[in-house]
Protein chains: 2
Amino acid sequence: MQTRHLTFRLLQVFVQVVRCGNISLAARQLHLTQPTVSQQLKRLADTLGEPLLSHDNGKLTLTPVGEALYELCQDTLGQFDSFGQFLEDYRSGLRGQFSLALVNTAQYILPRIIGPFQAKYPNIEVRLQIGNRQQVLDYFEHQADDLYVFSHPPSSASSRAARIINNPLVIIAPKQHPLSLAKELSFEQLSAERFLLREPGSATRMLFDSWLLNQDFLLSSSLQMASNEAICVGVASGLGLAVVSRHVLAGFLNEVTILPVSGFELHSHWHYVRRTGHQLPMAAQRFVNFTQDNLQHCLDPRWLAKDLPMLTQKLLG
Amino acid sequence: MQTRHLTFRLLQVFVQVVRCGNISLAARQLHLTQPTVSQQLKRLADTLGEPLLSHDNGKLTLTPVGEALYELCQDTLGQFDSFGQFLEDYRSGLRGQFSLALVNTAQYILPRIIGPFQAKYPNIEVRLQIGNRQQVLDYFEHQADDLYVFSHPPSSASSRAARIINNPLVIIAPKQHPLSLAKELSFEQLSAERFLLREPGSATRMLFDSWLLNQDFLLSSSLQMASNEAICVGVASGLGLAVVSRHVLAGFLNEVTILPVSGFELHSHWHYVRRTGHQLPMAAQRFVNFTQDNLQHCLDPRWLAKDLPMLTQKLLG
DNA sequence: GAAATCCATTGATTATTGTCTATATATACT
DNA sequence: AGTATATATAGACAATAATCAATGGATTTC
């Protein structure tokens with residue numbers, strides 16, 4: 001058998017003929033002429049080297065080989081049909097996968113939209129990458145992922161970004177800290193305190209550093225910790241103060257207090273970022289759309305970034 | 001997806017490329033040039049409407065769609081390879097089926113060769129038709145079967161026949177019958193007896209009738225029964241005498257006796273018969289070969305027909 | 001930075017497939 | 001015999017598939 005000369009068309013015609021039990025009828029249903037179908041059958045039988053049909057007392061019947069081939073064809077064509085369906089879904093974004101790279105802090109809030117998304121699109125696989133700003137930047141450079149979430153988008157001409165969620169930074173102190181009772185504070189009042197800081201390269205750290213520089217402040221004492229959780233626990237345990245994203249606090253609000261420091265206004269935003277060179281999978285586009293339409297129901301409205309209603313337009317349009 | 005434009009060749013090339021992870025190498029292994037393979041891939045991707053491969057940092061990698069297609073191709077091509085193997089076997093006669101039509105009497109002896117044949121060729125399905133001579137003649141006329149076993153082959157120009165087994169007819173009487181003690185008898189001595197006869201159209205009946213006619217004998221009394229077993233039981237029960245194939249007697253030899261009637265010599269033979277117009281399946285040819293080579297080990301040598309050693313030659317050659 | 005690989009593209013050629021019309025041949029049904 | 005109906009065959013043509021050689025761009029390797 002010369003498998004390489006087999007055509008799906010041939011199999012389709014064969015199956016149709018078997019189903020009709022009648023070459024002429026099959027031809028009509030396939031919008032072909034009868035001789036065409038006859039010849040296709042002949043060619044098929046020739047490439048297999050065995051007859052597939054025989055006419056016994058006027059009726060077309062399958063030879064044993066034909067029988068076996070018919071079974072096989074049904075199976076194969078069925079599988080390819082399913083594959084076609086899979087492709088449809090894939091193309092329309094109902095099925096598929098995409099990867100999303102998050103900077104550390106975003107992991108506290110993005111699941112709130114990913115969860116409902118997964119519920120609506122169970123056939124889409126979201127692969128989540130999480131790292132600090134530098135790592136996600138690396139992913140971004142290598143185009144390793146489809147969509148990125150940054151607090152501070154890289155300034156690349158070949159990328160587009162749109163704000164989605166407000167990310168205010170706050171200064172926290174342990175509940176029992178003397179300053180936690182103050183109605184208003186200036187930053188000078190804190191300058192003697194020890195600060196727990198994220199590693200350089202993290203967006204939180206960068207923002208805070210540049211703010212300090214800008215205000216001409218210098219920290220008298222600091223301690224570096226590589227995780228937001230560690231910092232919160234540290235603050236709660238009285239190790240010092242810290243600047244963290246407001247969103248990180250959820251689980252710690254009964255142990256730490258937000259200090260009302262006047263003049264400390266570090267408002268950043270999380271952005272969806274994509275590379276323009278990289279074709280976004282439909283599944284990812286669905287995710288962007290879904291975010292625009294549903295984020296308001298997943299989040300306290302005060303966190304919604306202003307340009308959320310124009311998200312798809314800014315990012316994809 | 002335009003399934004109808006898919007080619008097995010395309011799938012083969014794709015699979016090879018995925019296995020090699022390298023287009024040029026795949027091309028060499030397929031004895032093609034690299035551009036050819038590149039183009040095949042392009043065409044495949046075009047008919048599916050989705051890219052299948054991408055080069056990430058120098059390496060070819062499958063897209064999710066490519067991954068799915070690869071799985072599918074492996075499966076499909078594997079199945080067709082198996083089918084090819086099936087075809088091979090079928091063609092060579094190691095696998096397949098054929099039908100064998102037997103006249104009634106032959107069913108007592110043909111299983112002795114069919115059994116060992118099945119043991120050696122478990123993948124060959126033998127379909128057995130059994131009928132009286134007239135019925136098997138009908139099958140023969142309609143070419144319903146591949147091989148026939150007759151006592152008296154139809155005299156058709158479009159058939160070939162070869163003797164395989166001796167089929168002597170004998171006259172039997174109940175053990176307690178007065179004649180059963182005689183050393184030698186003439187047929188006249190039996191003419192007053194009642195004879196149990198098969199139906200007209202059966203070979204045994206035909207032979208006996210024509211012998212009677214030839215010898216100018218007339219039976220005084222007869223009783224017709226449509227089965228050999230019924231006749232044997234009848235004789236054993238004292239209903240009368242009968243003429244039956246020697247081979248039918250196996251289970252009755254302690255109840256009936258063969259009468260030594262001088263001048264009664266009805267030697268017929270079973271034949272394998274095939275129609276020359278009908279292409280014999282390889283499986284059936286295997287059976288003929290097997291018969292020639294093994295019948296001697298399955299049967300008492302006295303029943304072997306003289307021209308058994310030339311069986312295949314006479315029937316197929 | 002030169003050489004070596006690897007891949008994509010282009011343009012051209014040939015072989016194979018898909019398809020038709022017209023005709024012949026069976027077979028079954030009056 | 002005569003008329004449908006179903007298949008097969010032959011001859012012709014267009015479309016598609018399969019292939020190559022030549023070339024250029026990218027990436028890796030030395």
Side-chain angles (χ1 to χ4, degrees), chain A residues 1-49 51-63 66 141-143 158 277-279, chain B residues 1-63 66 141-143 277-279:
Chain A
M1 182 182 60
Q2 289 283 47
T3 310
R4 58 174 284 176
H5 289 132
L6 282 183
T7 300
F8 277 73
R9 180 59 168 166
L10 232 43
L11 304 189
Q12 288 173 333
V13 169
F14 172 64
V15 164
Q16 188 68 33
V17 168
V18 174
R19 284 187 182 147
C20 294
N22 175 321
I23 295 186
S24 304
L25 179 58
R28 261 170 270 141
Q29 296 190 354
L30 291 165
H31 305 292
L32 296 172
T33 60
Q34 169 267 313
T36 301
V37 175
S38 280
Q39 241 180 263
Q40 302 273 50
L41 291 175
K42 189 173 152 73
R43 247 176 9 88
L44 182 57
D46 285 352
T47 47
L48 297 192
L52 302 172
L53 298 166
S54 64
H55 333 238
D56 294 335
N57 47 56
K59 267 186 187 168
L60 277 192
T61 27
L62 286 168
T63 64
E141 285 308 323
H142 294 94
Q143 309 209 33
S158 62
H278 179 75
Q279 168 71 15
Chain B
M1 183 182 58
Q2 288 284 46
T3 311
R4 58 175 282 178
H5 289 133
L6 281 183
T7 300
F8 276 72
R9 179 58 166 165
L10 232 43
L11 304 189
Q12 288 174 333
V13 169
F14 172 64
V15 164
Q16 187 69 33
V17 168
V18 174
R19 283 186 183 147
C20 293
N22 176 320
I23 294 185
S24 304
L25 179 58
R28 261 170 271 141
Q29 295 190 356
L30 292 165
H31 305 293
L32 295 171
T33 60
Q34 169 265 313
T36 301
V37 175
S38 280
Q39 245 181 259
Q40 304 271 50
L41 291 175
K42 189 173 151 73
R43 245 179 9 89
L44 182 57
D46 285 352
T47 48
L48 298 193
E50 283 287 326
L52 302 171
L53 298 166
S54 63
H55 332 240
D56 294 335
N57 47 57
K59 268 186 185 167
L60 278 192
T61 27
L62 286 167
T63 64
E141 286 308 324
H142 293 94
Q143 309 209 34
H278 179 76
Q279 168 70 17

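What you see is a predicted model, and the numbers here were worked out from it, not measured in a lab.
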- [ ] For A:S24, report the nucleic acid contact type (base, sugar-phosphate, nothing); a contact means any heavy atom under 4.0 Å.
- [x] base
TODO: For A:L25, answer base if it contacts any base atom (sugar-phosphate contacts may also be present), sugar-phosphate if it contacts only those atoms, and nothing otherwise; contact means non-hydrogen atoms under 4.0 Å.
DONE: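 Contact class for A:L25: none.
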- [ ] Nearest 0.5 Å please: distance from the CG atom of A:L6 over to the CZ atom of A:R43.
- [x]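 Rounded to the nearest 0.5 Å, the CG-CZ separation comes out at 9.5 Å.
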TODO: Kindly compute the distance separating CD (B:Q29) from CG (B:N22), expressed to the nearest 0.5 Å.
DONE: 9.0 Å
- [ ] Walking along DNA chain C from 5' to 3', note the first and the last nucleotide with an atom under 4.0 Å from a heavy atom of chain B, and give both.
- [x]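 So the contact region on DNA chain C extends C:dC6 to C:dT19.
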- [ ] Show the numbers, then the answer: is there a side chain to side chain donor-acceptor pair (under 3.5 Å) between A:T36 and A:Q40?
- [x] CA-CA 6 Å; A:T36 301; A:Q40 302 273 50; over 6 Å; no
Open item on the list: If we ignore hydrogens and angles and just use 3.5 Å, is the side chain of A:T61 paired with the main-chain N or O of A:S54 as donor and acceptor?
Closed with: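 Yes.
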- [ ] Verify, without hydrogens or angle tests, whether A:T63 (side chain) and A:L52 (backbone) share a donor-acceptor contact under 3.5 angstrom.
- [x] yes
Task: Separation of D:dG11 P from A:K42 NZ (nearest whole Å) - done: 13 Å
Task: Step-by-step side-chain contact (heavy atoms from CB on, under 4.5 Å) determination, B:R9 to A:H5 - done: CA-CA 7 Å; B:R9 179 58 166 165; A:H5 289 132; over 6 Å; no
Open item on the list: Within the 4.0 Å limit for protein heavy atoms, which parts of nucleotides 17-30 of chain D are touched? Write it as a string from 5' to 3', B for base, S for sugar-phosphate only, - for none.
Closed with: SSBBBB-----S--
TODO: Please name the pair of heavy atoms, one in B:L60 and one in B:G21, separated by the smallest distance, quoted to 0.1 Å.
DONE: CB-O, 4.0 Å
- [ ] Please name the pair of heavy atoms, one in B:M1 and one in B:L48, separated by the smallest distance, quoted to 0.1 Å.
- [x] SD-CD2, 3.2 Å
